[in-house]
Amino acid sequence: MTISEQVPNTSSTSRPVKLVYFAWVRERIGVAEEEVAIPSSVVTVRDLLHWLKDRGEGYEHALQVPDVIRVALDHEHAEHDELIGNISEIGLFPPMTGG
């Protein structure tokens, strides 16, 4: 099953997920990783980025342009419209350049 085929968590409670931040996203947020309880209303990667942005000044600064943030769901690149489902780890990266 691919990430995009996963069924979103439809329970009314939040679920714990490990968030891992890289490069300047980590520097601006102020932590390398954390475990958070994501509300059940957060269904897609885009929802997650907008929810995180409201968690404080560091998050707001890191995610001020959420469309440029790259995301990996359980170590697989994900588009912002993909469902989070029952993912256990989410990585957030700044745009990558060079080769």
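Bear in mind the structure is a predicted one, so any value in this text is a computation, not a measurement. Along the sequence shown, the residues carry numbers beginning at 1. Computed over heavy atoms, backbone and side chain alike; hydrogens, waters and symmetry mates excluded.
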Query raised in the report: How far apart are the C-alpha atoms of Asp81 and Val45, what are their side-chain angles, what is the distance that settles it, and do they pass the side chain to side chain contact (heavy atoms under 4.5 Å, CB included) test?
Result: CA-CA 6 Å; Asp81 61 348; Val45 169; over 6 Å; no

Query raised in the report: What distance do Glu34 atom CD and Ile29 atom CD1 have between them, rounded to the nearest 0.5 Å?
Result: 7.0 Å

Query raised in the report: Taking atom CZ of Arg28 and atom CG of Leu63, what is their separation to the nearest 0.5 Å?
Result: 9.5 Å

Query - Residue pair His77 / Glu82: nearest heavy atoms and the distance that separates them - result: O-OE2, 4.1 Å

Query raised in the report: Looking at Lys53 and Gln64, what are the two nearest heavy atoms and their distance?
Result: NZ-O, 3.6 Å

In the structure I gave you, are the side-chain heavy atoms of [X] and [Y] within less than 4.5 Å of one another anywhere?
| X | Y | answer |
| --- | --- | --- |
| Ile69 | Val25 | yes |
| Pro66 | His50 | yes |
| Val17 | Glu35 | no |
| Arg46 | Glu79 | no |

Report task. Would you mind telling me which of Asp67, Asp47, Thr44 makes a side chain to side chain contact (heavy atoms under 4.5 Å, CB included) with His80? Result -> Asp67

Requested in this report: Identify which one of Leu48, Leu52, Asp74 satisfies the side chain to side chain contact (heavy atoms under 4.5 Å, CB included) criterion when paired with Ile90.
Outcome: Leu48

Query raised in the report: In terms of ring plane angle, is the pair Phe93 and Phe22 parallel, tilted or perpendicular, where the classes change at 30° and 60°?
Result: parallel

**Report entry** Donor-acceptor contact present, side-chain Glu76 to main-chain Leu73, <3.5 Å
**Finding:** no

Report task. Would you tell me whether Tyr21 and Glu27 have side-chain atoms, one donor and one acceptor, within less than 3.5 Å of each other? Result -> no

Requested in this report: Apply side chain to side chain contact (heavy atoms under 4.5 Å, CB included) to Val36 and Arg55, showing your working.
Outcome: CA-CA 11 Å; Val36 299; Arg55 294 190 72 215; 3.3 Å; yes

Requested in this report: Please step through side chain to side chain contact (heavy atoms under 4.5 Å, CB included) for the pair Ile84 and Val43, ending with a clear verdict.
Outcome: CA-CA 6 Å; Ile84 293 174; Val43 177; over 6 Å; no

**Report entry** Stepwise side chain to side chain contact (heavy atoms under 4.5 Å, CB included) check, Asp54 with Tyr59
**Finding:** CA-CA 7 Å; Asp54 292 334; Tyr59 296 91; over 6 Å; no

